Amino acid sequence: MVSLPSMIDLSTRSEQERRRFEELELLREHGVNPYPVTFDKTHDASAVLVSFDDADPAPLADIAVAGRVMTKRKMGKASFWHIQDHSGRIQVYLKKDDLGEFYDVLHLFDIGDIVGIRGFAFRTRTGEISVHAREVVLLAKSVVPIPVAKEEQKDDGSVVKYDAFVDKEQRYRKRYLDLIVNPEIRETFRKRAQIISEMRRYFDERGWLEVETPILQPLYGGATARPFVTHHNALDVELYLRIADELYLKRLIVGGYEGVYEISKNFRNEGMDKTHNPEYTAMEIYVAYKDYIWMMEMTEDLLQSIVVKVFGTTTVTFAGTDLSFAAPFRRARMYDLFDEYTGKNLRGLSREELLAAAVALNVPVDPKASAMKILDEIFSVLVQPHLIQPTFVMDYPVEMSPLAKAHRTETGLVERFELFVMGKEVANAFTELNDPIDQRLRLEEQARIRAGGDDEAMVVDEDFLHAIEVGMPPTAGLGIGIDRLVMLLTNNDSIRDVLFFPQMRPERSSDS
RNA sequence: GAUCUCGUAGCUCAGCUGGCUAGAGCAUUUGACUUUUAAUCAAAGGGUCCUGGGUUCGAGUCCCAGCGAGAUCACCA
């Protein structure tokens, strides 16, 4: 009979878990430490597969691999396992002749255990490069069963999965299991890391400074969204989790830096769906003495450069559509796009005229909506879906952009562009507003909208205004939604598939 | 926030218009098998049918409420 610390309540455990806790003690009785300290691994699984040479197996005659046991096939006095490490899977051959008495202890090893194997590489009769074990070392006992997905290699090379771990909820909640059982998703996260890394390298090479600005802000700004509110005990003040870092980065431009950027976790207290998570990652960059035209050229060069570096080509495929990130991208002014896709000239129309246009175009809008809202609605219904290949949309109405500089020639417009790909917004940029009087007027207008009941409108940040009064050089700013960019480049249509730990509702209700 | 769909063994799923002790494959246990690969063969064990009410002689199944998830829609990046 085995004994376990009383803190482990086996009565709440499944049959398979109880069995594994027992195995833990039985292993100890056999002198096996189920949780040793280190293991001298010499090769990744993939390295063995790549470097094995049938004509000269000698270089792999004494190797050590390590990983998680994923399959076990016992055939009496010989067994085959597959173990999985960060590079992939490799088969292990275990024979009683080589392992002696210890071979009989192997039945206490389970799928899910982490093991180390010392031995030599060889090719089996059926052609699979494998490691013939001289020694098996338990590195970590797994006491709960993991989902078992079987894979079959078809003649055409395709892999069919049986009983795959597919429950989305469980995959998101227990991402560690997802990563073990569906290792192909690791590639998405590797790509995510590479995309961010290339972006950082691109900026660093140009001498722009990566900075960190407050996540806890006494006033939130730089975007229109509802914030998370928290409280600082020592100061006894409300603080907000940032919805954007824009206003702080501009303060740094005022302070004399000529190029600053931040890869920023932002927090917005709004709904969640396929493209929205309460916390998400945005990159914002500000470069002094530049305008939005320059920023457009930088943006297309940046994206082309990232795509080439990470994917080795300028084209990626999303949902069956080839997207070309070869610069230059298409550029179109917003009102020209209205001409093109609605057949109507919407320039300079009053709210009532826009409402009539929306009705004529069969775009459902709230009859009480503002002019900007109506325009935005027509754009998103009739124009946006056509913007498949990377397209810069330029020159937005001033009311939509309280932080963007008035257009140099077109009254009523600002110098702003957004980049659309697959009908989705990927980047947003403007020539930054540095006229302190205009900026104050715009923010006060936002405050009026806010007082009118729109709690997403911006609040007036006097310190920010003071900074602009001190004087900000002409500056171009750009924001890129990192999660959405990653989705686009990795062919994932849910933000939850590009975040390791997407926000989920708590699993257990508190009322029971 | 609204609508629809779903929740059964560790995993993937059956379970009809309500009716014997709730099933299958994989996984687990026992046995056979010294180059297998969805290994195979034989046997066994394993369940809070999401939770709580209700209808009924009888509920995994029907009704109500709740919890969680997915999809679609609305808003936002």
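This is a predicted model, so every value here is computed, not measured. Sequence lines set the chain letters: A, B, ... in the order given, protein chains first and strands last, and positions in each chain run from 1.
Taking atom CG on A:D497 and atom C1' on B:A69, their separation rounds to 14 Å, with Å as the unit. Atoms CD (A:Q170) and P (B:C13) sit 13 Å apart, rounded to a whole Å. Atom CD in A:Q153 sits about 13 Å away from atom P in B:A39, given to the nearest Å. At whole-Å resolution of the value, CG in A:L94 and C1' in B:U35 are 12 Å apart. The distance from atom NZ of A:K77 to atom C1' of B:U36 is 16 Å, rounded to the nearest whole Å. Residue A:M70 contributes atom CE, which lies 15 Å from atom P of B:C11 at whole-angstrom precision. The separation between A:M272 atom CE and B:C73 atom P is 18 Å, rounded to whole Å. As a whole-Å value, the separation of A:H82 NE2 from B:U35 C1' is 13 Å.
Using a 4.0 Å cut-off between charged side-chain N and carboxylate O, A:R19 and A:E15 make no salt bridge. Salt-bridge annotation for A:K141 and A:E25: absent, with no side-chain N of the basic residue lying under 4.0 Å from a carboxylate O of the acidic one. A salt bridge does not link A:E22 to A:R18: none of the charged nitrogens lies less than 4.0 Å from a carboxylate oxygen.
Not counting sequence neighbours, the partners of A:T213 by the side-chain hydrogen bond (donor to acceptor under 3.5 Å, both in side chains) test are A:R242, A:E262. A:R89 pairs by the salt bridge (charged side-chain N to carboxylate O under 4.0 Å, His left out) definition with nothing, not counting sequence neighbours. Considering only residues two or more places apart in sequence or on other chains, A:N362 meets the side chain to side chain contact (heavy atoms under 4.5 Å, CB included) condition with none of them. Under the rule for a ring pair (Phe, Tyr, Trp, His ring centres under 6.0 Å), the partners of A:F417 that lie at least two apart in sequence or sit in another chain are A:F392. Partners of A:Y240 under the side-chain hydrogen bond (donor to acceptor under 3.5 Å, both in side chains) rule, at least two apart in sequence or in another chain, do not exist in this structure. The side chain to side chain contact (heavy atoms under 4.5 Å, CB included) search around A:D273 returns A:T275, A:H276, not counting sequence neighbours.
OP1 and OP2 of B:A32 both lie 4.0 Å or more from every side-chain N or O belonging to A:K74. Side-chain nitrogen and oxygen atoms of A:K150 include at least one within less than 4.0 Å of the OP1 or OP2 phosphate oxygen of B:A39. The phosphate of B:U28 has neither OP1 nor OP2 within less than 4.0 Å of any side-chain N or O from A:R19. Here A:R20 does not reach the OP1 or OP2 of B:U28: none of its side-chain N or O atoms lies under 4.0 Å away.
The base of B:U36 lies close enough to the side chain of A:R73 for a donor and an acceptor atom to sit less than 3.5 Å apart.
Within the 4.0 angstrom heavy-atom criterion, no nucleotide atom of any strand lies near A:D376. A:E17 comes within 4.0 angstrom of nothing in the nucleic acid, heavy atoms only. In this structure, A:D273 reaches the bases: a heavy-atom distance under 4.0 Å links it to at least one base atom across the strands shown. Across all strands, A:E279 comes closer than 4.0 Å to no nucleic acid atom at all (heavy-atom distances). Base engagement by A:F122 is indicated by at least one non-hydrogen atom pair under 4.0 Å involving a base atom.
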Give every donor-acceptor pair under 3.5 Å between a side-chain atom in residues 370-383 of chain A and any protein atom, sequence neighbours left out.
residue	atom	partner	partner atom	Å
A:S370	OG	A:K373	N	3.2
A:S380	OG	A:D376	O	3.2
A:S380	OG	A:E377	O	3.1

Check residues 94-101 of chain A and write down every donor-acceptor pair under 3.5 Å in which the side-chain atom is one partner and the other belongs to a residue at least two apart or another chain.
residue	atom	partner	partner atom	Å
A:K96	NZ	A:D104	OD1	3.4
A:K96	NZ	A:D104	OD2	3.1
A:D98	OD2	A:H132	NE2	2.6

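In this structure, of B:A27, B:U36, B:U29, it is B:U29 that holds the atom nearest to the side chain of A:E23. In the set B:U36, B:G25, B:G70, the nucleotide with an atom closest to the side chain of A:K168 is B:G70.
Within the structure, salt bridge (charged side-chain N to carboxylate O under 4.0 Å, His left out) contacts touching residues 46-57 of chain A (residues at least two apart or in different chains) are A:D54-A:R123.
Residues from residues 379-396 of chain A with heavy atoms under 4.0 angstrom of RNA chain B: there are none. Listed by residue number, the members of residues 95-106 of chain A with any heavy atom below 4.0 angstrom from RNA chain B are A:K95, A:D97.
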Output one line per pair: protein atom, nucleotide atom from nucleotides 43-47 of chain B, and distance, for all N/O pairs under 3.5 Å.
residue	atom	partner	partner atom	Å
B:G45	O2'	A:E15	OE2	2.9
B:G45	N2	A:E15	OE1	2.5
B:G45	N3	A:E15	OE1	3.3
B:G45	N3	A:E15	OE2	3.3
B:G46	O4'	A:E15	OE1	3.3

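Taking the ring centre of A:Y396 as origin, the terminal cationic atom of A:R416 falls inside the region bounded by 6.0 Å and 45° from the ring axis.
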